[in-house]
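Remarks on the structure that follows.
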Amino acid sequence: MLEKNYDHKQVEEGKYDKWVDNGYFIGGKDKSKPPFSMVIPPPNVTGKLHLGHAMDTTLEDIICRYKRLRGYDVLWIPGCDHAGIATQAKVEEKLRKQGISRYDLGREKFLEKAWEWKNEYASTIHSQWGAMGLSVDYTRERFTLDEGLNNAVKHVFVTLYNEGLIYQGEKIINWDPVLRTALSNIEVIHSDDEGEFFYFYYDVEGTDERLIVATTRPETMFGDTAVFVNPKDERYKHLVGKNAINPANGDPLPIMADSYVDIEFGTGAMKCTPAHDPNDFALAKKYGFPLIKVLDETAHVNHLGGKYEGMDRYECRKALVEDIKNNGHLCKIEKMVHSVGHSERSGAVVEPMLSKQWFVKMKPLAERLLENQKNPDTKVEFVPKRFENVLLRWMREVDDWCISRQLWWGHRIPAYYNIETGEILVSEKEPDMNLYRQDEDVLDTWFSSGLWPFATMGWPESTEDFDRYFPTSVLVTGYDIIFFWVSRMVFQSLHFTGKRPFNQVLIHGLIRDELGRKMSKSLGNGVDPMDVIEKYGVDALRLFITTNSAPGLDERYVESKVQSTAAYLNKIWNACRYVEMTLGEDYKPSKPNKKELTPIDAAILDKLERTIKSVTKSMDAFQFGQAATALYDFVYDDFCSSYLEMSKIALQKGESKATKDTLFYVMKSIILMIYPYSPFIAEELYCSLPEHLESIMLESYPEYDKAYLNAKAVKAVAILENMIKDIRNYKATNGVAPNAKVNLNISPKEPFKGAAEYLARFAFANSINITKESLSGNPFIYDGCEMIVEEDIDKEALKAKLLKEKEKLIGEVARGEKMLSNPGFVSKAPKEKLALETEKLEKNRKLLSSIEEKLASL
RNA sequence: GGAUGCUUAGCUCAGCUGGGAGAGCACAUCCCUUACAAGGAUGGGGUCACAGGUUCGAGCCCUGUAGCAUCCACCA
């Protein structure tokens, strides 16, 4: 016997461990079933999981649990990402609080600390996965730095190197001066910051003219090599070929003309700093200028800065501007809002800087991806579709990918330098380390994440899992990492396995706070999923979070909705409790016998089948909100409010096996349909049903069964429901107590045989007189019968009500007539629609004329 | 500068391939009826951002406008 109220803590207790211990999450136990596979987007081992993870993983879990019940051999591989830069930043921060820098510790000791950190957070993540109820296969858990992934990474690096797709080069890259590492373009977050635009006078050698050049970064002026103007710019034509004097250090700078310069921008004269700006770098290459670096790896000025040497970039900026002002070369300073790049992890202003790094040559890889997306049989299908364009557009314009990081936590680059000759050796196997030293750098964390779907299955070794489960079926992720992750998995997979990594990608939005803001630490508006679970239960959290928005759209976390979701689960709980009480101890389930059903039973079965059909369709299309809504409407309105009440009549009469079977069949179907969303309560309720299996995980999903469709019963019951509703409403609007007895006259017949009994009970009808004769008075009129409520009430109120109904019907009839007299509609509308409208019009006309008659007789 | 999404009830949001708009919360009235007061019954509340167009018919398709949001690019 179930408790009176749903208690989420009691329900969740012990279930997850039971599932894991019984091996229900392990893939490949029955290989006669078709395979279905997914990989978890590996969370960073940087901290606890947040609501975004909760949504993402719940969607995956819903899909997996649904597919298992649908007869698939499901494999869902879990794992974590070492998250190179993010984790290293966290570990360094922790050390800094103890007054230690990573350089104090040295590489090896630091890595020990990082592994300690990883172990701590991986175990937190494990317990959170458990709390969320994720049905992942722990026997296949992976980590991006484990041995297998390491081998895969080395293999990929060496192969790409040998193919000429990885190269070492000196280019302008994004430098994080706090973490002291290079970053890829997408790890730089641009924000519009207010800054200053400095206008300086440059004396022109051999003339008494001055040129005005504007810059936002005066501290880089020690690395200037030229001043550029546009060749068409009349203001400066006569100066081209002369030298301008750099006001920072007195060096002469040739004045050159190039069409790159925008005449309209600034003063139309631009300084060229090849080692600290990508565009200037390109110009310098074109004209053969030297590349002069003036900042070191912590963004302090180097020896070229003269007296400013050793200053931080901003200190230098301030001092230099002051000095230039003092010697009369400052023209003006303007406030200016411009886009400034910040490091995604440290937040530091990124310094574009010349540096020797490793790159992946993207063009051939991108082209292969783009080509593959044109093939409908092998392309990765995006849900919703539009997100494919995000990927395509980015891939079309992608720059070479800077993959080396000056970090310690990560996959060390398998490149070795001969100590004597400096000759480079790129190899999966470590050479004799007496003769070689390894490259100090590690790889971008996304380099290994990009291999996740196949490396977790054992690739590059040939394994059974890889053969059976790759490509994976679906990937679920947020739109914010299409560039970072999805794209890299796709092109790496195509290049190395020849296949797409997943057949479909389900893209979801972000979770925001109640005010629509991003959840962030700095705002302090983050919601911890574990707090929500504590308060409302994981089933409510899961159901809420996956059903309150449409695919691909952002969603707000609204606590009141979680609360009402928990109330809904309580509703299901109590419905089940009632069903079990009603069925009794010795009930033996069997499929409802169609011949013995009451119209009430037949109607609910019809609605159940329609619900199963629509829920299944939505589930298959990843329309989880729609599926849940269809189920919700059925559970609340059709089942609880209507059927559970009405079925009491048959049950109390005794001979009610068919009704009991209906109760059981519908209840079980509901439990199975809510199960993927809310597995804990579903398991609890399922296991309390008679003749249950060991776990709901071994069950099958409800199948749509056309045999139970019964339109006639549905219509008859609908009329009965309307009658009850009308009587209740009538009482409410006429100030009659809801349980006041009334006498009913019905003509010419009840909606179905025995309907009167229901009226007696649910509308408190005292006597019910069924007559063939036309009713006098003020009847309610239905399709097939009319009903009059005899009660000592205000005739005027009733008349008003009838008039209102008449108005409505006139409108309806007018609508139908207009439609049907429209030759366009009659000739072009589909036949079914035409028939439907014709029938509706006839019905409405009849209803209207009866109402008019009754009104006349008043 | 380019792209995408959003604009529907007081609030938060659904609304699949076009065929008289829905939910939750909130609100009003009544009810502690033996599954559920985390409940039940009944009800009020919407020119579906705006302007055109296509169509027999538009919340849904097309064009444009406005506001909000996000992404990409540029920024000497």
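The structure displayed is predicted, hence computed values, not measured ones.
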**Complete:** Between F197(A) and S549(A), the residue closer to the 5' end of RNA chain B by nearest nucleotide is S549(A)
**Message:** Is Q626(A) close enough to A14(B) that one of its side-chain N or O atoms is under 4.0 Å from OP1 or OP2 there?
**Reply:** no
**Complete:** Looking only at G15(B), A38(B), U17(B), the nucleotide nearest the A566(A) side chain is A38(B)
**Message:** I want to check something: taking the side chain as every heavy atom from C-beta on, are E3(A) and R577(A) in contact at a cut-off of under 4.5 Å?
**Reply:** no
**Request:** Using the P atoms only, state how far U8(B) lies from G59(B), rounded to an integer number of Å.
**Result:** 15 Å
**Request:** Using the C1' atom as the reference point in each nucleotide, state the distance between U65(B) and G20(B) in Å, no decimals.
**Result:** 29 Å
**Request:** For the residue pair Y6(A) and W573(A), categorise the inter-ring angle as parallel (less than 30°), tilted (30 to 60°) or perpendicular (more than 60°).
**Result:** tilted
**Asked** Under 4.0 Å: is that the gap between some side-chain N or O of S641(A) and OP1 or OP2 of A41(B)?
**Response** yes
**Request:** Looking at every strand, decide which applies to L553(A) at a 4.0 Å heavy-atom threshold: base, sugar-phosphate, or nothing.
**Result:** sugar-phosphate
**Asked** Hey, does K271(A) reach any base, or is it just sugar-phosphate, or nothing, if we go heavy atoms under 4.0 Å?
**Response** nothing
**Request:** Check every strand shown and say whether Y568(A) touches a base, only sugar-phosphate, or nothing at a heavy-atom separation below 4.0 Å.
**Result:** nothing
**Request:** Quote, to the nearest angstrom, the P distance that separates U47(B) from U42(B).
**Result:** 26 Å
**Asked** Contact class for T216(A) vs. all strands (heavy atom < 4.0 Å): base, sugar-phosphate, or nothing?
**Response** sugar-phosphate
**Asked** Between C36(B) and C31(B), how far is it from one C1' atom to the other, in whole Å?
**Response** 15 Å
**Message:** Using atom P in both nucleotides, what's the gap between A51(B) and G5(B) to the nearest angstrom?
**Reply:** 23 Å
**Prompt:** Looking only at N and O atoms, is any donor in the side chain of K561(A) or the base of C25(B) less than 3.5 Å from an acceptor on the other one?
**Reply:** no
**Request:** For the pair F289(A) and Y287(A), name the ring-plane relationship: parallel under 30°, tilted 30 to 60°, perpendicular over 60°.
**Result:** parallel
**Message:** Over all strands shown, is V390(A) touching base, sugar-phosphate only, or nothing at heavy-atom distances under 4.0 angstrom?
**Reply:** nothing
**Message:** What's E645(A) touching, base or sugar-phosphate or nothing? Going by heavy atoms closer than 4.0 Å.
**Reply:** base
**Asked** For A37(B), does OP1 or OP2 lie under 4.0 Å from any side-chain N or O of K4(A)?
**Response** yes
**Request:** Would you indicate what F622(A) reaches in the nucleic acid, counting non-hydrogen atoms under 4.0 angstrom: base, sugar-phosphate, or nothing?
**Result:** nothing
**Message:** Could you check whether E514(A) and Y557(A), counting side-chain N and O atoms only, form a donor-acceptor pair closer than 3.5 Å?
**Reply:** no
**Prompt:** Rounding to the closest angstrom, what is the interatomic distance between A14(B) and C72(B) at atom P?
**Reply:** 24 Å
**Asked** Counting only heavy atoms not in K648(A), do more than 12 sit closer than 6.0 Å to its NZ atom?
**Response** yes
**Residue K725(A), side-chain heavy atoms: nucleotide from G43(B), A38(B), C36(B) that is nearest** = G43(B)
**Fill in**
Here the distance between atom C1' of C72(B) and atom CD of E397(A), to the nearest Å, is 7 Å
**Asked** At under 4.0 Å, does any side-chain N or O of Y479(A) touch on OP1 or OP2 of G5(B)?
**Response** no
**Item:** Proximity to the side chain of R512(A) - top-ranked nucleotide from A69(B), U12(B), G39(B)
**Value:** A69(B)
**Request:** With heavy atoms under 4.0 Å as the rule, sort F387(A) into base, sugar-phosphate or nothing.
**Result:** nothing
**Asked** Can you tell me how far C1' in G22(B) sits from the matching atom in U54(B), rounded to whole Å?
**Response** 27 Å
**Asked** Hey, does D262(A) reach any base, or is it just sugar-phosphate, or nothing, if we go heavy atoms under 4.0 Å?
**Response** base
**Prompt:** If you look at every strand shown and take non-hydrogen atoms under 4.0 Å, does C576(A) touch a base, only sugar-phosphate, or nothing?
**Reply:** nothing
**Asked** What about the rings of Y202(A) and F200(A), do their centers lie closer together than 6.0 Å?
**Response** no
**Request:** Taking the six-membered ring for Trp and the single ring otherwise, decide whether the centroids of F228(A) and Y260(A) are under 6.0 Å apart.
**Result:** no
**Message:** Let's see if you can work this out: which of G39(B), U12(B), G15(B) has an atom nearest to the side-chain heavy atoms of Q623(A)?
**Reply:** G15(B)
**Message:** Tell me which nucleotide, if any, is Watson-Crick or G-U wobble paired with A49(B) when both distances must be under 3.5 Å.
**Reply:** U65(B)
**Complete:** Closest to the side chain of R386(A), out of G43(B), G24(B), U4(B), is U4(B)
**Message:** With nearest nucleotide decided by heavy atoms, which residue, N279(A) or K518(A), maps closer to the 5′ end of RNA chain B?
**Reply:** K518(A)
**Request:** Look at R393(A) and C71(B) and indicate whether a side-chain polar atom (N or O) is within less than 4.0 Å of OP1 or OP2.
**Result:** no
**Request:** Could you state the atom-to-atom distance from CG of N574(A) to C1' of G39(B) in whole Å?
**Result:** 9 Å
**Request:** Give A575(A) one of three labels, base, sugar-phosphate or nothing, depending on what nucleic acid heavy atoms sit under 4.0 Å from its own.
**Result:** base
**Asked** For S184(A) and E187(A), does a side-chain donor sit closer than 3.5 Å to a side-chain acceptor?
**Response** yes
**Request:** Could you tell me whether Y536(A) contacts a base, only the sugar-phosphate backbone, or nothing, with contacts defined as non-hydrogen atoms closer than 4.0 Å?
**Result:** nothing
**Request:** Indicate the ring-plane relationship of Y587(A) and F664(A), choosing parallel, tilted or perpendicular according to the 30° and 60° boundaries.
**Result:** tilted
Could I get a table of every N or O pair under 3.5 Å where one atom is in the protein and the other is in nucleotides 18-21 of chain B?
from	atom 1	to	atom 2	distance (Å)
G19(B)	O2'	K833(A)	NZ	2.5
G20(B)	N7	R815(A)	NE	2.7

**Request:** Considering only atom P, compute the distance from G2(B) to C11(B) and round it to an integer number of Å.
**Result:** 33 Å
**Request:** Answer yes or no: does a side-chain N or O of N729(A) lie under 4.0 Å from OP1 or OP2 of G43(B)?
**Result:** yes
**Item:** Residue Y636(A), side-chain heavy atoms: nucleotide from C36(B), C25(B), G40(B) that is nearest
**Value:** G40(B)
**Request:** Give one of base, sugar-phosphate or nothing for F228(A), where a contact means two heavy atoms less than 4.0 Å apart.
**Result:** nothing
**Prompt:** Counting only heavy atoms not in E839(A), do more than 12 fall under 6.0 Å of its CD?
**Reply:** no
**Request:** Check the side chains of N230(A) and D258(A) for a donor-acceptor pair under 3.5 angstrom, ignoring hydrogens and angles.
**Result:** no
